[in-house]
> 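Right, I'll just put the structure down here and ask away after.
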Amino acid sequence: MTLIKSISGIRGTIGGVVNENLTPINAVKFAAAYGMWLKESTGSKSLTIVLGRDARISGEMISNLVASTLIGLGINVIDIGLSTTPTVEIAVTLDSAAGGIIVTASHNPKQWNALKLLNNRGEFLNAEAGEKILKIAEDENFLFAEVDALGKYEKKEGYINRHIEEVLKLAVVDIEAIKKSNFKVVVDAVNSTGGIAIPALLEKLDVECIKLYCDPTGHFPHNPEPLKEHLTDISEWVVTEKADFGIVVDPDVDRLAIICEDGSMFGEEYTLVACADYVLGRTKGDTVSNLSSSRALKDVTMKHGGKYEASAVGEVNVVELMKATNAVIGGEGNGGIIYPASHYGRDSLVGVALFLSHLANLKISCKTLRKTYPEYFMSKSKIELTPTIDVDAILGKIAEKFTKEKPNCIDGVKIDFEEQWVHLRKSNTEPIIRIYTESISQEKADKLAQEFITIITDLV
């Protein structure tokens with residue numbers, strides 16, 4: 001099955017059989033469930049939601065279905081068209097809307113699409129709201145509006161520019177220093193909406209932009225997840241064009257990866273580290289990332305006199321802990337920057353502005369900046385189990401075995417050692433344990449992963 005329903009939304013492949021793929025019927029059903037939840041949770045008779053999408057081929061079709069469904073429920077729709085996830089998040093607050101939907105499958109390949117759901121703060125829904133929406137969809141408990149009470153549809157443009165204006169208003173974004181630096185960068189936006197947003201932001205900052213895959217056709221020229229093995233073209237272009245660095249975003253522009261001037265990876269984990277280093281140098285405070293993110297963020301935070309805390313995996317969990325600790329910056333190690341002074345959502349436009357400000361003030365190269373941070377290496381693997389095995393019991397035994405290390409059990413089991421750590425998590429969709437490790441060399445990270453695979457196998 002390629003239809004995945006979870007508390008964070010619904011995603012699947014286009015076409016095929018109803019309830020096994022993301023068909024038009026499933027899109028309508030889930031949009032209706034979200035609309036019903038909004039009506040029930042707010043008690044309001046006049047609701048407006050913001051709707052936007054990335055550039056993938058199926059986006060317009062799914063977006064039209066979602067808009068018509070919401071109108072049928074009596075909900076007004078502001079359709080901002082081709083957009084980014086953080087742009088829709090900001091648009092919800094700018095227009096005081098009741099919520100928002102982004103039609104995007106984020107970093108998934110082109111055959112996938114999904115609905116990301118937002119509350120009235122432009123933030124992802126919590127687990128309780130997600131569960132209610134899934135239940136409404138399952139029960140098909142829908143009540144549509146009569147003809148005189150249908151919602152209104154309005155198509156509005158200019159929100160990416162409004163988003164850019166909001167980024168440039170941030171006090172820590174050093175516009176003057178960036179403009180004086182005469183930066184030249186290459187941008188790979190995987191032919192999605194980052195190809196609209198990132199060059200437009202760079203133009204405002206007088207940064208020379210070499211566009212690679214910036215035509216928002218939805219025909220992804222490579223796997224859209226911004227990992228090293230997918231980024232050979234931009235690595236070559238950065239060197240050929242003698243650029244200061246390269247910028248890579250995923251289709252909905254909430255993940256940011258940087259390429260150094262020699263074509264090497266800055267490291268997706270280190271995007272947040274660099275941006276946090278810059279912000280903490282100007283705003284004293286604390287940071288948050290998830291349990292599977294690099295220890296380098298903790299090191300940088302402590303260097304600036306702040307405290308670091310780790311949340312369960314998932315953006316909504318990071319945001320909740322950031323609010324609880326009043327963190328000044330946080331995010332996820334996949335290149336997701338969350339800067340509360342802007343909004344509580346991963347935002348590559350904010351990340352680009354912070355990174356440019358950092359380099360402009362230090363007046364050093366991208367590669368030199370990378371060398372200033374602790375060198376850690378990660379390994380990501382998994383072990384498949386039979387459905388009858390009690391994964392929770394296995395993780396519990398591992399936590400007992402390593403009691404002296406005071407394991408963190410808020411999301412699986414994370415064990416911190418002096419120079420390395422391991423994080424073991426149960427998959428929500430299949431009988432596997434995900435094994436993430438980090439150490440001071442790739443060899444040691446791989447070795448630690450293998451050691452825990454052996455421990456798990458012995459327990460089974």
> Mark yes or no: K323 above the aromatic ring of Y344, with NZ or CZ under 6.0 Å from the six-membered ring centre and no more than 45 degrees from the axis.
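Checked: cation-pi criterion met.
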
> Cut-off 3.5 Å, side chains only: do H107 and N223 have a donor facing an acceptor?
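No - no donor-acceptor pair under 3.5 Å links their side chains.
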
> How about S365 and E261: does a side-chain donor come under 3.5 Å of a side-chain acceptor?
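There is such a pair between these side chains.
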
> What are the two closest non-hydrogen atoms of F124 and N119, and how far apart are they?
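Looking at all heavy atoms of both residues, the shortest contact is O-ND2, 4.2 Å.
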
> At their closest point, which heavy atom of A341 faces which heavy atom of L170, and how far apart are they?
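Smallest heavy-atom distance, with atoms named: O-CD2, 3.7 Å.
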
> Between Y339 (side chain) and G345 (backbone), is there a donor-acceptor pair under 3.5 Å?
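A pair under 3.5 Å: no.
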
> For E165 and N161, does a side-chain donor sit closer than 3.5 Å to a side-chain acceptor?
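Absent: no donor and acceptor within the cut-off.
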
> Can you tell me if Q442 uses its side chain to pair, donor with acceptor, with the backbone of M378 under 3.5 Å?
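Looks like yes, one N/O pair under 3.5 Å.
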
> Check whether any side-chain N or O of S439 sits under 3.5 Å from a backbone N or O of K444 as a donor-acceptor pair, and report yes or no.
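Side chain of S439 to backbone of K444, a donor-acceptor pair under 3.5 Å: no, none is there.
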
> Quick one: pull up CD1 in I410 and CG in N290 and give me the separation to the nearest 0.5 Å.
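Taking CD1 in I410 and CG in N290, the distance rounds to 9.5 Å.
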
> Checking S311 against E320 for the side chain to side chain donor-acceptor pair (under 3.5 Å) test, could you report, in this order, the C-alpha distance in whole Å, the side-chain angles of both residues, the deciding distance, and whether it holds?
CA-CA 9 Å; S311 76; E320 285 180 359; over 6 Å; no

> Rounded to the nearest 0.5 Å, how far does CG of D95 lie from CD of E154?
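Here the rounded value is 8.5 Å.
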
> Is the shortest distance from a Lys or Arg side-chain nitrogen in R295 or D416 to a carboxylate oxygen in the other one below 4.0 Å?
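Yes, charged N to carboxylate O under 4.0 Å.
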
> Checking the side chain of H423 only, and the main-chain atoms of K414 only, is there a donor and an acceptor separated by less than 3.5 Å?
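No, because the side chain of H423 does not come within donor-acceptor range (under 3.5 Å) of the backbone of K414.
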
> Side-chain donor-acceptor pair under 3.5 Å between S357 and D174, yes or no?
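Their side chains do not contain a donor-acceptor pair, so the 3.5 Å distance test is not met.
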
> I need the T87 OG1 to H343 NE2 distance, nearest 0.5 Å.
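If we round to the nearest 0.5 Å, T87:OG1 and H343:NE2 are 8.0 Å apart.
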
> Hey, does L212 have a side-chain heavy atom less than 4.5 Å from the side chain of D233?
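Side-chain contact under 4.5 Å: yes.
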
> State which residues pass salt bridge (Lys or Arg N to Asp or Glu O under 4.0 Å) with K152; sequence neighbours excluded, sorted by chain then number.
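Once residues adjacent in sequence are excluded, K152 has no partner under the salt bridge (Lys or Arg N to Asp or Glu O under 4.0 Å) criterion.
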
> Check this for me, if you would: do K426 and D411 make a salt bridge, where the nitrogen-to-carboxylate-oxygen distance has to be below 4.0 angstrom?
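Looking at D411 together with K426, the answer is no, because their closest N to O distance does not fall below 4.0 Å.
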
> If you count the non-hydrogen atoms of other residues, nucleotides and ligands that lie under 6.0 Å from NZ in K155, is the total more than 12?
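Yes, enclosed.
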
> Is the closest side-chain heavy-atom distance between I337 and S348 below 4.5 Å?
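Result no, sub-4.5 Å side-chain heavy-atom pair not found.
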
> Just do the ring-ring contact (aromatic ring centres under 6.0 Å, His included) check on F355 and Y278 with the steps written out, would you?
CA-CA 8 Å; F355 192 84; Y278 175 71; 9.9 Å; no

> So with a 6.0 Å cut-off around CD of E203, is the heavy-atom count from everything else above 12?
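Counting neighbours around CD of E203, 12 or fewer heavy atoms of other residues, nucleotides or ligands fall under 6.0 Å, so no.
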
> First locate atom CZ of R11, then atom CG of L3, and finally report the distance between them rounded to the nearest 0.5 Å.
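Reported to 0.5 Å precision, the distance equals 10.0 Å.
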
> Determine whether L47 and T42 satisfy the following criterion, side-chain contact (heavy atoms from CB on, under 4.5 Å), listing intermediate values before the conclusion.
CA-CA 9 Å; L47 294 173; T42 63; 3.5 Å; yes

> So that I can tick it off, tell me whether E375 and R370 are bridged by a salt bridge, with the cut-off set at under 4.0 angstrom between side-chain N and carboxylate O.
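E375 and R370: salt-bridged.
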
> Under a 4.0 Å threshold between the charged nitrogen and the carboxylate oxygen, would E268 count as salt-bridged to R255?
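So R255 pairs with E268 through a salt bridge.
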
> Are any of the side-chain heavy atoms of I175 and L205 separated by less than 4.5 Å?
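SC-SC contact between I175 and L205 confirmed.
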
> Looking at S192 and G194, would you say the former's side chain and the latter's main chain have a donor-acceptor pair under 3.5 Å?
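Absent.
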
> When you measure from the side chain of N191 to the backbone of H219, do you find a donor-acceptor pair of N or O atoms at a distance under 3.5 Å?
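Indeed, once roles are kept as given, a pair shorter than 3.5 Å links the two residues.
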
> Heavy atoms, side chains only, cut-off 4.5 Å: are L359 and F183 in contact?
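Touching, per the 4.5 Å side-chain cut-off.
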
> Decide yes or no on side-chain contact (heavy atoms from CB on, under 4.5 Å) for Y213 and H222, but give the supporting numbers first.
CA-CA 10 Å; Y213 309 137; H222 56 77; 4.1 Å; yes

> Is it the case that the side chains of T193 and T84 hold a donor-acceptor pair, with the cut-off being a distance below 3.5 Å and no angle test?
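Note: T84 and T193 side chains miss the donor-acceptor criterion.
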
> Do the side-chain N and O atoms of H304 and D277 include a donor-acceptor pair separated by under 3.5 angstrom?
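Yes, D277 and H304 have a side-chain donor paired with an acceptor closer than 3.5 Å.
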
> Take I78 and I80, measure what side-chain contact (heavy atoms from CB on, under 4.5 Å) needs, and give me the verdict at the end.
CA-CA 6 Å; I78 296 175; I80 67 175; 4.0 Å; yes

> Got more than 12 heavy atoms from elsewhere within 6.0 Å of NZ, K307?
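Atom NZ in K307 is not packed in, count stays at 12 or less.
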
> Is there a donor-acceptor pair under 3.5 Å between the side chain of Y376 and the backbone N or O of E419?
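Answer holds: no.
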
> What residues, two or more places apart in sequence or in another chain, satisfy salt bridge (Lys or Arg N to Asp or Glu O under 4.0 Å) together with E241?
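Applying salt bridge (Lys or Arg N to Asp or Glu O under 4.0 Å) to E241 gives K184.
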
> Measure from the side-chain N and O atoms of S289 to the backbone N and O of G330, and report whether any donor-acceptor pair falls under 3.5 Å.
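Checking the backbone N and O of G330 against the side chain of S289, no donor-acceptor pair under 3.5 Å is found.
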
> Check this for me, if you would: do D262 and K367 make a salt bridge, where the nitrogen-to-carboxylate-oxygen distance has to be below 4.0 angstrom?
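Judged by the 4.0 Å cut-off on N to carboxylate O distance, D262 and K367 do form a salt bridge.
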
> Are the side chain of T85 and the backbone of D254 linked by a donor-acceptor contact shorter than 3.5 Å?
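Not a single qualifying donor-acceptor pair exists.
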
> Can you find a pair of side-chain heavy atoms, one from W421 and one from T437, that are under 4.5 Å apart?
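Counting from C-beta outward, W421 and T437 never come under 4.5 Å.
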
> Do R53 and D79 sit within salt-bridge range, that is, some charged N less than 4.0 Å from a carboxylate O?
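Judged by the 4.0 Å cut-off on N to carboxylate O distance, R53 and D79 do not form a salt bridge.
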
> Dump the intermediate steps for side-chain contact (heavy atoms from CB on, under 4.5 Å) on E123 and L118, then the final yes or no.
CA-CA 5 Å; E123 299 166 13; L118 306 174; 5.8 Å; no

> Regarding T13 and N21, is there a side-chain donor-to-acceptor distance under 3.5 Å anywhere?
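Yes, because at least one side-chain N or O of T13 sits under 3.5 Å from a partner of the opposite role on N21.
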
> Answer yes if the ring centres of F452 and Y436 are under 6.0 angstrom apart, and no otherwise.
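No - the distance between ring centres of F452 and Y436 does not fall below the 6.0 Å cut-off.
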
> Run the salt-bridge test on D250 and R346 with the 4.0 Å N-O cut-off and return the result as yes or no.
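Salt bridge between D250 and R346, a charged N being under 4.0 Å from a carboxylate O: no.
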
> Above 12 or not: heavy atoms from other molecules or residues under 6.0 Å from NZ of K228?
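Atom NZ in K228 is not crowded, with 12 or fewer foreign heavy atoms closer than 6.0 Å.
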
> Quick check: closest heavy atoms across M322 and P340, and the distance to 0.1 Å?
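In terms of heavy atoms, the two residues are closest at CE-CG, 3.5 Å.
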
> Give me the atom names and distance for the closest heavy-atom approach of N113 to A105.
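So the minimum-distance heavy-atom pair works out to CA-CB, 3.5 Å.
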
> What's the shortest heavy-atom distance between V173 and V167, and which atoms?
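Taking every non-hydrogen atom into account, CG2-O, 3.6 Å.
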
> Decide whether a cation-pi geometry holds between R56 and W112; the criteria are a distance under 6.0 Å from NZ or CZ to the six-membered ring centre and an angle within 45° of the ring axis.
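Because its charged atom misses either the 6.0 Å distance or the 45° angle limit, R56 does not stack over W112.
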
> Measuring from S58:OG to L22:CG, what's the distance to the nearest 0.5 Å?
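With rounding to 0.5 Å, OG (S58) is 7.5 Å from CG (L22).
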
> Would you mind reporting whether T287 and L280 have side-chain heavy atoms less than 4.5 Å apart?
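Heavy-atom side-chain distance check passes, below 4.5 Å.
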
> Does any part of the side chain of L349, heavy atoms only, come nearer than 4.5 Å to the side chain of I198, both counted from C-beta?
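With C-beta onward as the side chain, the pair touches.
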
> Just wondering, are more than 12 heavy atoms of other shown residues or ligands nearer than 6.0 Å to CD in Q111?
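Enclosed.
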
> Can you check whether P199 reaches K211 side chain to side chain, under 4.5 Å on heavy atoms?
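P199 reaches K211 side chain to side chain.
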
> Please determine if E176 and K180 form a salt bridge, counting it only when a charged side-chain N lies under 4.0 Å from a carboxylate O.
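Salt bridge: yes.
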
> Would you say the side-chain atoms of S41 pair up with the backbone N or O of W37, donor to acceptor, closer than 3.5 Å?
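Side chain of S41 to backbone of W37, a donor-acceptor pair under 3.5 Å: yes, one is there.
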
> Rounded to the nearest 0.5 Å, what separation is found between the CD atom of E269 and the OH atom of Y373?
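Interatomic distance, E269 CD to Y373 OH, rounded to 0.5 Å: 14.5 Å.
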
